[in-house]
Enquirer: 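Let me give you the structure first, and then I'll get to my questions.
In this text the structure is predicted, and so the values were computed from the model without any measurement. Atom set for the values below is all heavy atoms of this structure, side chains included, hydrogens, waters and symmetry mates excluded. Here is how names work: the chains are called A, B, and so on, in the same order as the sequence lines, proteins then strands, and each is numbered from 1.
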Amino acid sequence: MDNITIAKTFSAMADMLEIVGENRFRVNAYRRAAETVEASTHDVCTRSKKQLMEIPGIGEDLSDKIIEMSKTGVCKECEQLKKKVPEGLLEVLRVESIGPKTARLLWKKFRVVSMMGLERLLSTGKLEGARGFGVKKVANFKRGLEIHERFRGRQPLGYVLPLAEKIIQALRTSKLCEEVEIAGSLRRGKETVGDIDILVTSREPQKAMDFFVVLPQIKMIEQKGETKARVILTSGIACDFRVVAPEAFGAALYYFTGSKEHNVQARTMAVKNGLTVNEYGVFKVQSRKSIKSKVKNVERVAGKTEEEVMRAIGLPWIPPELREDRGEIEAALVGKLPKLIEEKYIRGNLHMHSNWSDGEETMEAMVRASKRKGYEYVALTDHASSMGMVKGTKEHTVDRYIRMVRAVEKKVGGIHVLAGAEVDIEKDGSLYLSDKSLAKLDFVVASMHLYLKQDRATATKRLIRAMENPYVDCIGHCTSRSLGKREPMDLDMEAVMKAAKRTGTIMELNAHWVRLDLNDIHARLAKEYGVTLSISTDAHTVVESSMMRYGIVTARRAWIEKKNVINTLPWKEFQKMLY
DNA sequence: GCCGTTTTCGGCCCGACTGTTTTCAGTCG
């Protein structure tokens with residue numbers, strides 16, 4: 001039983017409780033617990049009841065449920081709920097514009113218990129005209145269904161961000177908007193995002209709105225009001241667009257950047273101080289009654305910038321990547337926010353491939369690309385793997401590889417080039433190259449590429465054995481996940497980090513957006529254990545050298561500072577650390 | 001279900017847009 005499974009159970013319970021019409025605050029408690037457990041860097045199963053109850057949002061009942069699940073593998077109440085609510089209905093809930101009320105109605109009145117049932121019902125045309133269901137609503141369901149099928153769930157950050165930046169660019173050059181910013185989970189740098197949020201100020205809101213909805217990237221308009229539009233891009237992802245007044249821009253940016261959980265915490269704090277926060281600003285309220293009665297006998301205290309808004313509610317500015325209600329508000333209140341890493345601190349890239357193995361370009365091209373980025377050093381780490389690869393470093397070609405790297409270093413000049421390898425960790429934790437060969441290399445990244453479905457104990461033991469090899473400097477993409485394609489390996493991450501600390505092994509945060517591995521939670525755990533990180537691109541092409549930004553944003557989400565990352569060190573200090 | 005320098009009971013963040021209604025419920029973020 002792991003955090004993810006427990007989080008999923010709580011989340012499913014929240015959905016089911018909502019469908020059966022439970023008190024929404026109880027539903028919320030389950031949702032919040034799901035988020036908290038998922039974000040926890042520690043394995044909640046190993047925690048005592050007392051420790052669990054110290055976690056905000058986990059009380060008497062939920063801590064018992066966590067303990068029950070870690071002991072028995074199931075949650076009785078969840079099983080009972082499953083008997084009440086058909087499981088397939090939970091997926092129906094994922095369809096845009098179908099919420100708990102509609103799902104319940106579809107189920108009780110029209111016997112829909114699955115996506116297939118929904119599809120069938122929509123195709124019969126029985127729904128139109130039924131009480132509460134007009135033509136438009138049904139059309140919305142159909143569209144929602146279509147989007148859901150073509151486009152299940154969230155898209156990777158590295159795929160969505162460039163799309164959003166193109167739109168931002170168009171809006172900025174249109175001269176119709178003054179401020180243009182990305183908000184939402186994209187601004188927070190989540191590894192996957194559900195949609196794009198764009199926020200602008202404009203003196204001509206109507207014109208800005210009209211300009212936006214006809215951008216070439218836009219396939220379909222879902223909503224268009226005075227201040228808000230929602231469209232679907234040709235790539236399938238939804239994009240929300242909001243126009244706000246300049247004096248409210250900061251408040252709106254803060255509000256729409258989220259996360260929802262962070263907002264709830266911040267607002268709750270504000271309410272205690274006699275303030276109310278919405279997307280228009282921070283306001284003083286005379287009494288709680290005045291909020292309830294919506295009588296705005298209010299005085300605006302802040303709104304123009306995020307700094308101003310946060311200051312008004314008693315907080316310093318908190319970087320967007322931290323706004324997940326993972327302790328950032330508490331840290332901010334006592335002045336303990338981390339000084340987050342920035343891309344400009346990176347002085348080298350310690351994982352990349354050339355056409356010696358499966359990269360597309362020459363060693364020289366890759367090194368030159370790094371030099372152009374202003375790096376002081378770079379490690380060429382071509383594969384050393386049995387993985388059906390004709391190319392790559394073999395036992396008998398190590399010397400030749402090193403000679404070639406030295407020649408490239410000399411030829412390019414002005415950048416230190418390490419002769420490295422990304423060596424395969426075999427099924428049993430041994431390495432593809434002999435110690436004698438590994439000893440010759442400047443930088444050894446060890447990664448798992450095969451047997452990725454091992455059970456937790458076996459996989460953890462395998463990885464730790466690799467770390468114990470004195471010639472391994474770094475573990476590459478620890479869980480070997482591939483976003484949207486391959487699940488992460490099942491590893492005991494606390495044991496892994498302990499071993500990394502003990503053996504002095506660097507843990508890579510692989511910056512390629514398909515990997516982002518370590519993820520934000522694992523990287524934060526590494527920091528807690530005092531493990532040194534490397535943030536490197538795993539680039540296979542020159543273009544991929546620019547993946548660094550995704551690694552940085554993920555590191556920031558993990559509260560990582562410059563001092564936690566080895567490749568922020570100047571060359572001389574880096575060298576000292578390595579040998 | 002959680003939580004308490006207002007409370008162990010009674011609160012729990014707040015508003016836009018849509019669609020189907022004639023004043024509002026549902027959904028979403």
Enquirer: Judged by atom type as modelled, is there a donor-acceptor pair below 3.5 Å linking the side chain of A:Asp197 to the main-chain atoms of A:Cys239?
Expert: no
Enquirer: If the test is salt bridge (charged side-chain N to carboxylate O under 4.0 Å, His left out), which one of A:Arg31, A:Lys82, A:Lys8, A:Arg104 qualifies with A:Asp15?
Expert: A:Arg31
Enquirer: Please enumerate all residues that pass salt bridge (charged side-chain N to carboxylate O under 4.0 Å, His left out) together with A:Glu222, with sequence neighbours excluded.
Expert: A:Arg143, A:Arg230
Enquirer: Mind calculating the distance between CD (A:Gln265) and P (B:dC3) to the nearest angstrom?
Expert: 10 Å
Enquirer: Please write out each protein N/O paired with an N/O of nucleotides 18-20 of chain B under 3.5 Å, distance rounded to 0.1 Å.
Expert:
unit_1 : atom_1 : unit_2   : atom_2 : d
B:dT18 : OP1    : A:Lys224 : N      : 2.8
B:dT20 : OP1    : A:Gly134 : N      : 2.5
B:dT20 : OP1    : A:Gly134 : O      : 3.1
B:dT20 : OP1    : A:Val135 : N      : 3.4
B:dT20 : OP1    : A:Lys137 : N      : 3.2

Enquirer: Test for a donor-acceptor pair under 3.5 Å between the base of B:dG29 and the side chain of A:Tyr255, counting only N and O atoms.
Expert: yes
Enquirer: Taking atom P in both B:dG11 and B:dT7, compute the distance separating them and give it to the nearest angstrom.
Expert: 13 Å
Enquirer: Answer with yes or no whether the side chains of A:Glu247 and A:Tyr280 bring together a donor and an acceptor at under 3.5 Å.
Expert: no
Enquirer: Could you tell me how far B:dT21 sits from B:dC14 if I compare only their P atoms? Round to whole Å.
Expert: 31 Å
Enquirer: Side-chain N or O of A:Thr276 less than 4.0 angstrom from OP1 or OP2 on B:dC14?
Expert: yes
Enquirer: Return the nearest nucleotide to the side chain of A:Glu96; candidates are B:dC28, B:dG15, B:dC13.
Expert: B:dC28
Enquirer: Could you tell me whether A:Val27 contacts a base, only the sugar-phosphate backbone, or nothing, with contacts defined as non-hydrogen atoms closer than 4.0 Å?
Expert: nothing
Enquirer: Distance between the P atoms of B:dC17 and B:dC9, in whole angstroms?
Expert: 42 Å
Enquirer: In whole angstroms, how far is the C1' atom of B:dA16 from the CZ atom of A:Phe241?
Expert: 15 Å
Enquirer: Want to settle it: does A:Gly99 or A:Ile58 sit nearer the 5' end of DNA chain B, counting the closest nucleotide to each?
Expert: A:Ile58
Enquirer: What residues, two or more places apart in sequence or in another chain, satisfy side chain to side chain donor-acceptor pair (under 3.5 Å) together with A:Lys101?
Expert: none
Enquirer: In whole Å, what is the span from the CZ atom of A:Phe256 to the C1' atom of B:dC28?
Expert: 11 Å
Enquirer: Between B:dC2 and B:dC13, how far apart are the two P atoms, rounded to whole Å?
Expert: 16 Å
Enquirer: Measure CZ/A:Phe141 against P/B:dT27 and give the value in whole Å, please.
Expert: 8 Å
Enquirer: Taking only residues two or more places apart in sequence, or in another chain, which ones meet A:Arg326 in a salt bridge (charged side-chain N to carboxylate O under 4.0 Å, His left out)?
Expert: A:Asp520
Enquirer: Please determine whether a side-chain nitrogen or oxygen atom of A:Asn263 lies at a distance below 4.0 Å from atom OP1 or OP2 of B:dC13.
Expert: no
Enquirer: Could you work out, with side chain to side chain donor-acceptor pair (under 3.5 Å) as the rule, every residue matching A:Glu561, not counting sequence neighbours?
Expert: A:Lys527
Enquirer: Given B:dG29, B:dG15, B:dG1, identify the nucleotide with an atom nearest to the side chain of A:Glu279.
Expert: B:dG15
Enquirer: Using heavy atoms and a sub-4.0 Å distance, could you list which residues of residues 13-26 of chain A are near DNA chain B? By number, please.
Expert: A:Asn23, A:Phe25, A:Arg26
Enquirer: Sorted by first residue and then second, give each ring pair (Phe, Tyr, Trp, His ring centres under 6.0 Å) pair with at least one member in residues 197-218 of chain A; sequence neighbours left out.
Expert: A:Phe212-A:Phe241
Enquirer: Work out how far the C1' atom of B:dA25 is from that of B:dT20, and round it to whole angstrom.
Expert: 9 Å
Enquirer: Who are the salt bridge (charged side-chain N to carboxylate O under 4.0 Å, His left out) partners of A:Asp2, not counting sequence neighbours?
Expert: none
Enquirer: Could you say whether A:Glu60 or A:Thr268 is positioned toward the 5' end of DNA chain B, judged by the nucleotide with the nearest heavy atom to each?
Expert: A:Glu60
Enquirer: Please report, rounded to the nearest Å, how far the C1' atom of B:dC14 is from the CD1 atom of A:Ile313.
Expert: 14 Å
Enquirer: With a 4.0 Å heavy-atom cut-off, tell me which residues in residues 100-110 of chain A come close to DNA chain B, sorted by residue number.
Expert: A:Pro100, A:Lys101, A:Thr102
Enquirer: Please state how far atom NZ in A:Lys260 lies from atom P in B:dC28, giving the value in whole angstrom units.
Expert: 11 Å
Enquirer: Under the salt bridge (charged side-chain N to carboxylate O under 4.0 Å, His left out) rule, collect the residues that match up with A:Arg524, sequence neighbours excluded.
Expert: none
Enquirer: Applying ring-ring contact (aromatic ring centres under 6.0 Å, His included), name anything that partners A:Tyr255, two or more places apart in sequence or on another chain.
Expert: none
Enquirer: What is the base-pairing partner of B:dG26, counting Watson-Crick and G-U wobble geometry with both distances under 3.5 Å?
Expert: B:dC17
Enquirer: Rounding to an integer number of angstrom, what distance separates B:dG19 and B:dC12 when you compare their P atoms?
Expert: 31 Å
Enquirer: With sequence neighbours excluded, what pairs up with A:His512 under the ring-ring contact (aromatic ring centres under 6.0 Å, His included) test?
Expert: none
Enquirer: Does A:Thr227 make a side-chain N or O approach to OP1 or OP2 of B:dC17 shorter than 4.0 Å?
Expert: yes
Enquirer: Side chains of A:Thr554 and A:Glu191: do they bring a donor and an acceptor to under 3.5 Å?
Expert: no
Enquirer: Determine the interatomic distance between C1' on B:dT8 and the same-named atom on B:dC3; round to the nearest Å.
Expert: 9 Å
Enquirer: Nearest whole angstrom, please: distance from the P of B:dT27 to the CG of A:Asp195.
Expert: 18 Å
Enquirer: What's the CE-C1' distance between A:Met53 and B:dG1, to the nearest Å?
Expert: 11 Å
Enquirer: Taking atom types as modelled and ignoring hydrogens, do the side chains of A:His262 and A:Glu328 form a donor-acceptor contact shorter than 3.5 angstrom?
Expert: yes
